[in-house]
Amino acid sequence: MEVASLSSSSPINLPHLCHKEARFLAGLSSTLFFTYKRPILRTSHNPSQSSVLGIPKKHRNVSLLSFCYKEEFCGSHYTHKLHVGNEFPRDIVVRSGITASGSTDGYSLPELKMESKVRGACFHAVTAFAAVFLFVLMLVGHPSVLLFDRHRRKFHHFVAKVWAMLSVAPFFKIKFEGLENLPPPDTPAVYVSNHQSFLDIYTLLTLGRSFNFISKTGIFLIPIIGWAMFLLGTIPLKRMDSRSQLDCLKRCMDLIKKGASVFFFPEGTRSKDGKLGAFKRGAFSVAAKTNAPVVPITLIGTGQIMPAGREGIVNLGSVKVVIHKPIDGNDPDMLCKEARKTIASVLTQT
């Protein structure tokens with residue numbers, strides 16, 4: 001928000017000023033809003049001249065006040081000052097409420113919010129409808145998965161990929177870059193990514209790779225989706241429980257030794273402002289102890305489409321997924337630093 005100021009020069013009457021102000025404000029774009037500070041007349045310290053509703057006694061019988069008025073424009077910023085001969089200075093401030101996209105075509109923010117809410121409701125309806133049918137398919141195939149593919153669970157991940165693609169396809173496009181950097185499907189690895197949105201999981205599932213996510217235990221209580229995550233082999237975690245964290249890391253190492261891959265969000269939670277947070281060492285300790293490669297992935301755009309904490313809306317936009325070259329090493333600190341640097345190098349370019 002930027003504010004410029006106007007000064008005064010030519011005298012006009014108060015009724016005329018109100019008429020001009022009404023015409024000016026009516027002509028503003030729907031993306032502008034204004035605040036009006038009530039004029040306060042400065043008076044002397046004489047108690048006999050005390051004011052009522054900001055008007056001194058000595059002016060109560062005056063029907064018209066003489067104003068000086070001058071408009072000054074400076075680019076897209078507009079303000080002006082009103083000056084009265086009787087020490088009557090106050091500002092009318094006009095502030096720009098143009099959306100972050102920088103558009104000046106008059107597309108109002110309330111309309112944008114309503115459209116995003118409608119899109120959000122449609123998104124959740126589509127994903128829930130698809131989840132019901134595909135969850136039944138997962139249930140039917142689950143006995144075979146436990147018998148023949150307990151650790152990778154490729155069939156379940158294929159169903160999850162179909163579900164994710166059906167959910168996101170009507171609402172935004174996903175562009176992949178660096179697919180050639182993905183390890184072979186049967187090669188166990190530790191995948192790490194920045195975390196901006198609830199949509200990150202949907203986006204990553206469209207890769208079609210069989211990796212086990214780590215999720216807080218409360219997610220498993222969500223009907224259908226939470227149950228499907230359980231069938232996928234998602235690893236539960238209690239964030240503030242050190243024993244749960246230790247068990248989680250042990251389970252990850254066990255899965256990698258048995259040929260499965262795991263996926264971490266090293267930040268631990270979604271970013272509120274899109275900036276990359278500090279990385280925790282857990283994922284990189286698992287990679288160092290199992291000699292598994294670390295595959296950094298940068299997600300771009302999910303936070304703008306569905307911001308953290310606002311899962312009820314879906315804005316317009318697209319998502320870009322950048323898969324970086326795997327990083328090898330047995331030093332957790334080095335792996336952590338290198339992975340974060342690699343992910344950040346792409347985020348800073350957007």
Side-chain angles (χ1 to χ4, degrees), residues 151-152 157 176-197 200-201 203-205 207-216 232-271 274-300 302-303 320-350:
H151 304 297
R152 292 195 182 103
H157 281 87
F176 295 98
E177 182 179 310
L179 287 172
E180 67 279 1
N181 295 323
L182 286 172
D186 294 332
T187 300
V190 175
Y191 294 82
V192 296
S193 169
N194 59 311
H195 198 11
Q196 296 184 343
S197 171
D200 293 344
I201 301 295
T203 302
L204 292 166
L205 285 174
L207 277 172
R209 288 306 175 98
S210 301
F211 36 60
N212 294 272
F213 287 100
I214 298 170
S215 176
K216 58 184 180 181
L232 277 169
T234 303
I235 304 167
L237 172 67
K238 296 179 181 178
R239 287 183 178 176
M240 305 307 295
D241 189 333
S242 57
R243 179 176 295 181
S244 175
Q245 294 173 3
L246 184 60
D247 290 342
C248 176
L249 296 180
K250 288 181 178 179
R251 185 171 174 182
C252 288
M253 288 187 284
D254 185 57
L255 284 169
I256 290 177
K257 291 176 181 178
K258 292 177 179 178
S261 297
V262 293
F263 198 104
F264 285 83
F265 291 111
E267 294 170 280
T269 188
R270 290 167 294 173
S271 171
K275 296 180 180 178
L276 191 63
F279 278 12
K280 303 181 186 299
R281 294 176 71 253
F284 310 100
S285 296
V286 171
K289 291 180 180 180
T290 58
N291 294 317
V294 174
V295 183
I297 297 177
T298 305
L299 300 177
I300 304 170
T302 54
K320 184 177 181 180
V321 181
V322 181
I323 299 100
H324 304 279
K325 293 182 178 180
I327 305 171
D328 295 302
N330 53 13
D331 182 354
D333 293 326
M334 183 278 292
L335 291 173
C336 180
K337 182 178 179 180
E338 191 65 24
R340 189 182 186 281
K341 178 181 177 182
T342 301
I343 293 173
S345 65
V346 177
L347 283 177
T348 55
Q349 297 174 9
T350 60

Smallest heavy-atom separation, Q196 atom then G303 atom, equals OE1-N, 3.4 Å
Look up atom CG in L232 and atom CG in L205, then write down how far apart they are to the nearest 0.5 Å. 7.0 Å
Do the rings of F211 and F263 sit parallel, tilted or perpendicular, given the 30° and 60° boundaries? tilted
The reported gap from SG in C336 to NZ in K280 (rounded to nearest 0.5 angstrom) is 10.5 Å
Could you grab the distance from atom CD1 of I256 to atom OG1 of T290, nearest 0.5 Å is fine? 4.0 Å
Using the side-chain contact (heavy atoms from CB on, under 4.5 Å) criterion, which residues pair with E338? Sequence neighbours excluded. I327, M334, T342
Identify, with sequence neighbours excluded, every residue that meets side chain to side chain donor-acceptor pair (under 3.5 Å) alongside D200. H195, T302
The side-chain contact (heavy atoms from CB on, under 4.5 Å) partners of C252 (sequence neighbours excluded) come to I214, I235, C248, V262, F264, V286
For residues 243-256, pull every pair meeting side-chain hydrogen bond (donor to acceptor under 3.5 Å, both in side chains), keeping only residues two or more places apart or in separate chains. D254-K258
S271: what forms a side chain to side chain donor-acceptor pair (under 3.5 Å) with it, not counting sequence neighbours? D273
Please list, chain by chain and in numerical order, all residues satisfying ring pair (Phe, Tyr, Trp, His ring centres under 6.0 Å) with H157, sequence neighbours excluded. none
At what distance, to the nearest 0.5 angstrom, does CZ of F265 lie from CG of L299? 6.5 Å
Quick one: closest heavy-atom pair of V190 and A292, and the distance? CG2-CB, 4.3 Å
Can you list the residues that meet the side-chain contact (heavy atoms from CB on, under 4.5 Å) rule with T298, with sequence neighbours excluded? N194, I300, V322, H324, I343, V346, L347
By side-chain contact (heavy atoms from CB on, under 4.5 Å), which residues pair with N330, not counting sequence neighbours? none
In chain order, what residues pass the salt bridge (Lys or Arg N to Asp or Glu O under 4.0 Å) check against R209, with sequence neighbours excluded? none
Is there any side-chain hydrogen bond (donor to acceptor under 3.5 Å, both in side chains) pair reaching into residues 179-191, and which pairs are they, with sequence neighbours excluded? K154-D186
Heavy-atom pair with the smallest gap, counting every atom of G282 and L249: O-CD2, 3.8 Å
Measure across A260 and H151 and return the closest heavy-atom pair with its distance rounded to 0.1 Å. CB-O, 3.8 Å
Over all atoms of both residues, closest heavy-atom pair of S261 and A189: OG-N, 3.0 Å
Does any pair with a residue in residues 288-299 pass salt bridge (charged side-chain N to carboxylate O under 4.0 Å, His left out), and if so which ones, sequence neighbours excluded? none
About how many Å separate CG of D333 and CZ of R281, when rounded to the nearest 0.5 Å? 4.5 Å
In terms of heavy-atom contacts, F176 and L207 come closest through CE2-CD2, 3.6 Å
Partners meeting salt bridge (Lys or Arg N to Asp or Glu O under 4.0 Å) with D331 (sequence neighbours left out): none
Looking only at atom types and distance, does a side-chain atom of S285 sit under 3.5 Å from a main-chain N or O of P332, one as donor and one as acceptor? no
